Amino acid sequence: MSRPSRTLRELTAVTPSPGSWVAATQAMLAVVLPAVVFTAAGAASLGLLASFGALVVMYLSGRSRRERAAKLPVIAAGFVLGSLLGILTGDSLTASLLAIGAVAIAFSFLSLAFDVGPPGAIFPVLTTGSMGQLTAPASSGGAAMDPGVVLATIVVGILAGYAAVVAPLLVPAVRRRDALAPADHGWTFTFTPESARILARLTVGILLALLVSAALGLHHAAWVLLAVLGILQKDADVHRGTIRMAQRVLGTALGGALALLFLLWTPERLALLTIVGVLVFGFVALVRRNLLFALMLVTPMALLLVTGGDRDRLLESVLARVGDTAIGAVVAVLVLGAVLLSRRAGRRLPASPTHTKGAV
């Protein structure tokens, strides 16, 4: 098989992921149901905002319901903290960048140290950046939404996501079946050398991305960081990191193209929520199978949530997101390139001479 064929196969290979359909269904219900309730009450924009909080349902998806019931509140607290930091710093580019960077590094460390797994720091970073933009004054390019309403709506979404995981335990049959699965209700700190290497790369990538965002005056630096995190946060292998970089860039570009189709027909209210639900289902079902296809679905989902289905904002956001992803990918390339160069330099260094007893 030729090298291009092998690369294409790696980019598009779909790996098995048992139980992903159950997790995808939970995520879809958690994201869509609170939005439906808000929409029925005449507050469709708040319903889409609640969906951000409901994204907590995507964490620990491979664990038992009992374990998730014990651990998801901690992750939910991270969502709330990220939202608060975003709200408090959204009207200042410098403060916003510092807050997003702090959230990215802190949650990257915690995800690695406590084996949280994907999506890792991605959604706390997205929440921090998005809430900052939504509540910042119009003079700063924000949507000037009421911070109290925004935070309360996020909490409602978090509760809906948590309920989607825990409520089925009220059914005796589900409880008996879940009791057969292993469950670890405590957090075990396991920061391995592999974790340290990943965190070092992430930290360098995050700081470099923040510097680039500051230089370019980007108020949506969170989207740049999403590319950096998605490429560098999984493992320390350079080859796999390069494949993920290609998957992220291609997946985001294809997702942006898919989102542009909504310019021809812009869904509203229940139609919008139905499409968001289908995209969420597809993302969760595919995220452990193939990153390219998962991102192709989650990109238009995130854009629809952020823009609320507004046609003019959608086009602007698509172009901005593709650009942000390209910037993040370049940053990740620089980090991976530096790792390769340091490895080659290390191999070229002569071995230290062995000193025998009495040698001068």
Side-chain angles (χ1 to χ4, degrees), residues 45-46 48-53 55 76-110 120-155 157-158 202-230 232-233 302-303 305-308 310 312-314 316-332:
S45 60
L46 293 182
L48 293 174
L49 183 57
S51 297
F52 272 100
L55 293 174
F79 273 58
V80 174
L81 177 61
S83 298
L84 279 171
L85 287 174
I87 289 169
L88 293 173
T89 61
D91 61 344
S92 166
L93 177 60
T94 301
S96 177
L97 290 176
L98 290 174
I100 293 171
V103 168
I105 293 174
F107 279 93
S108 293
F109 169 73
L110 294 173
I122 285 178
F123 286 130
V125 167
L126 178 60
T127 303
T128 303
S130 298
M131 297 312 107
Q133 287 185 280
L134 288 173
T135 57
S139 59
S140 301
M145 292 183 68
D146 185 290
V149 172
V150 167
L151 187 60
T153 307
I154 289 293
V155 171
I158 289 172
L202 278 171
T203 302
V204 172
I206 289 166
L207 294 177
L208 183 56
L210 292 176
L211 289 174
V212 171
S213 298
L216 297 176
L218 298 179
H219 283 271
H220 38 78
W223 293 86
V224 178
L225 287 183
L226 295 187
V228 174
L229 293 169
L232 300 177
Q233 76 175 0
L303 290 170
L305 289 181
V306 170
T307 62
D310 183 275
D312 295 331
R313 291 174 61 201
L314 184 61
E316 179 184 349
S317 295
V318 167
L319 297 176
R321 295 302 79 81
V322 173
D324 294 340
T325 300
I327 294 171
V330 169
V331 169

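On a predicted model such as this, the values are computed, not experimentally measured, just so you know.
The closest donor-acceptor contact from the side chain of Ser213 to the backbone of Ala221 lies at 3.5 Å or more, if one exists at all.
Looking at residues two or more places apart in sequence or on another chain, you find a side chain to side chain contact (heavy atoms under 4.5 Å, CB included) between Ile87 and Met131, Thr135, Pro147, Val150, Leu151. Listed by chain and number, the residues in a side chain to side chain contact (heavy atoms under 4.5 Å, CB included) with Val204 are Val335 (sequence neighbours excluded).
Distance check, rounded to the nearest 0.5 Å: CG of Leu210 to CG of Leu98 gives 7.5 Å. Between Leu48 atom CG and Thr153 atom OG1 the span is 11.0 Å, to the nearest 0.5 Å. Here Ile206 contributes atom CD1 and Leu211 contributes atom CG; the two are 12.0 Å apart, rounded to the nearest 0.5 Å. To the nearest 0.5 angstrom, Ile100 atom CD1 is 11.0 Å from Thr127 atom OG1. To the nearest 0.5 Å, atom OG of residue Ser108 and atom CG of residue Leu225 are 9.0 Å apart. Here the CG atom belonging to Leu55 is positioned 10.0 Å from the CD1 atom belonging to Ile158, to the nearest 0.5 angstrom.
Contact of the Leu46 side chain with the Met145 side chain is registered, since non-hydrogen atoms from C-beta on lie closer than 4.5 Å. Annotation: side chain of Leu126 is in contact with side chain of Trp223 (closest heavy-atom distance under 4.5 Å).
Smallest separation of non-hydrogen atoms from Phe52 and Phe79: O-CE2, 3.7 Å. Across all non-hydrogen atoms, the minimal contact from Thr325 to Ala227 is O-CB, 3.8 Å. Closest approach of Leu226 and Ile122 over heavy atoms only: CD2-O, 3.4 Å. Considering every non-hydrogen atom in both Ala95 and Ser92, the closest pair reads N-OG, 3.3 Å. Minimum interatomic distance between Ala121 and Ala104 (heavy atoms only, all atoms of both residues): CB-O, 3.9 Å. Residues Gly90 and Ala136 share a closest heavy-atom pair of O-CB, 3.5 Å.
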side-chain contact (heavy atoms from CB on, under 4.5 Å), that's the test. Do Leu208 and Val228 meet it? Break it down for me. CA-CA 10 Å; Leu208 183 56; Val228 174; over 6 Å; no
Begin from the C-alpha positions of Thr94 and Thr89 and carry the test side-chain contact (heavy atoms from CB on, under 4.5 Å) through to its verdict. CA-CA 8 Å; Thr94 301; Thr89 61; over 6 Å; no
Steps toward side-chain contact (heavy atoms from CB on, under 4.5 Å) verdict (Ile105, Leu202): CA-CA 8 Å; Ile105 293 174; Leu202 278 171; over 6 Å; no
